[in-house]
Student: 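One structure coming up, written as structure tokens, with questions to follow.
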Amino acid sequence: MSAPSTSSVGDAAAALSGNLQLAPLRTLDDFVLGSARFQLPNLKDFDKWGNRVVKNLLYYQTNYFLVFLAIYVIMIACNPMKIISGLIVQALLIAIIWQFFSSKSKTNFIASRLTGGNQILAQQNAQQKWYVLAGALLASYLFLHMISAVLLTTFTLLLPVSVTFIHASLRLRNMKNKLANTIESFGPSTPMGSLLDALNVRAEGVIN
């Protein structure tokens, strides 16, 4: 199967972005204060629990986005250098792993084997191995030297995700929430809705 052209992918992305609509910002009272009701989900009923999480993610998505932004800003303001250093080390590690397991590297390796060790391909593979080895050693040194920064960056990335999941799991849905989900399901797609669709995550029913 041939890969889609760059122009078709760009057109699809442009069409998708044009159809997206940001969900309304819910009031603080509805989000966490007086009218908000919280209850532990039934841990034995994963379908009902997951349905509540998905519907709350759709309903409070703008609030969750602001929570993400607020946590990131606070954490970066408190430890700017550590978080930037941790992000650089993590990006370097991801780049090395991606390069090591990339299809191009595998293709070159297989091609060199099939051609009986073609000299040019062998030299390219040897050079590439040295580059990957040097990058791995550098990334390992930076990782060990800046382990606290890497852990802080990971915590900063996971904290808003955890807060969002906990709130979406505990927040009981009211009639306003259910009606809004029903109405918005017939309207333009939202960023969270598109993300959940891409992950093939769907809630059961409309008013459930």
Side-chain angles (χ1 to χ4, degrees), residues 1 3-4 8-76 83 86-87 90-91 94 97-98 101 150-208:
M1 181 173 61
S8 62
V9 173
D11 294 341
L16 181 62
S17 61
N19 292 331
L20 289 181
Q21 178 177 320
L22 194 63
L25 179 66
R26 313 302 175 182
T27 63
L28 195 60
D29 184 69
D30 182 26
F31 189 53
V32 291
L33 298 180
S35 64
R37 295 184 302 125
F38 297 90
Q39 185 181 35
L40 284 174
N42 184 359
L43 302 181
K44 296 181 180 180
D45 190 348
F46 288 103
D47 291 335
K48 189 174 182 180
W49 180 11
N51 189 64
R52 180 197 291 185
V53 170
V54 171
K55 290 298 183 72
N56 280 331
L57 287 175
L58 292 170
Y59 183 70
Y60 294 111
Q61 58 182 285
T62 305
N63 298 67
Y64 292 143
F65 173 74
L66 292 179
V67 169
F68 267 61
L69 190 61
I71 292 176
Y72 285 144
V73 169
I74 291 172
M75 295 298 294
I76 292 174
I83 290 180
L87 286 174
Q90 289 181 346
I94 293 173
I97 294 173
W98 177 267
F101 291 103
V150 174
L151 292 176
L152 179 61
T153 303
T154 304
F155 175 76
T156 302
L157 294 174
L158 294 180
L159 179 60
V161 176
S162 302
V163 170
T164 297
F165 179 75
I166 292 172
H167 181 275
S169 297
L170 299 180
R171 178 67 170 92
L172 288 175
R173 299 174 62 231
N174 52 27
M175 186 55 64
K176 182 180 178 182
N177 184 322
K178 296 178 181 181
L179 289 175
N181 280 140
T182 304
I183 295 172
E184 291 171 4
S185 66
F186 297 102
S189 179
T190 60
M192 182 64 73
S194 298
L195 176 61
L196 294 176
D197 285 341
L199 297 175
N200 199 26
V201 175
R202 289 186 174 53
E204 294 181 357
V206 180
I207 302 232
N208 290 339

Student: Taking only residues two or more places apart in sequence or in another chain, which ones pass side-chain hydrogen bond (donor to acceptor under 3.5 Å, both in side chains) with Ser169?
Tutor: Trp49

Student: Would you say the side chains of Tyr59 and Arg171 form a donor-acceptor pair under 3.5 Å?
Tutor: no

Student: Can you name the nearest heavy-atom pair linking Gln61 to Met192, along with the distance?
Tutor: OE1-N, 3.1 Å

Student: Check side-chain contact (heavy atoms from CB on, under 4.5 Å) between Leu157 and all other residues, then give those that pass, not counting sequence neighbours.
Tutor: Tyr72, Gln90, Thr153

Student: Where do Arg52 and Gln39 come nearest, in terms of heavy atoms and distance?
Tutor: NH1-O, 3.0 Å

Student: Any side-chain heavy atom of Phe31 within less than 4.5 Å of one from Leu66?
Tutor: no

Student: Applying side-chain hydrogen bond (donor to acceptor under 3.5 Å, both in side chains), name anything that partners Tyr64, two or more places apart in sequence or on another chain.
Tutor: His167

Student: Of all residues at least two apart in sequence or in a different chain, which pass the side-chain hydrogen bond (donor to acceptor under 3.5 Å, both in side chains) check with Thr62?
Tutor: none

Student: Is Phe68 close to Val161 at the side-chain level, that is, under 4.5 Å between some pair of heavy atoms?
Tutor: yes

Student: About how many Å separate NZ of Lys55 and CG of Asn51, when rounded to the nearest 0.5 Å?
Tutor: 5.0 Å

Student: To the nearest 0.5 Å, what is the distance between OG1 (Thr156) and CG (Leu87)?
Tutor: 8.0 Å

Student: Please list, chain by chain and in numerical order, all residues satisfying side-chain contact (heavy atoms from CB on, under 4.5 Å) with Ile166, sequence neighbours excluded.
Tutor: Leu170

Student: Going from CG on Leu158 to CD1 on Ile71, what distance comes out if it is rounded to the nearest 0.5 angstrom?
Tutor: 11.5 Å

Student: State which residues pass ring pair (Phe, Tyr, Trp, His ring centres under 6.0 Å) with Phe155; sequence neighbours excluded, sorted by chain then number.
Tutor: none

Student: Would you find more than 12 non-hydrogen atoms of other residues, nucleotides or ligands less than 6.0 Å from Phe65 atom CZ?
Tutor: no

Student: Find the distance between CG (Leu159) and OG1 (Thr164) and round it off to the nearest 0.5 Å.
Tutor: 9.0 Å

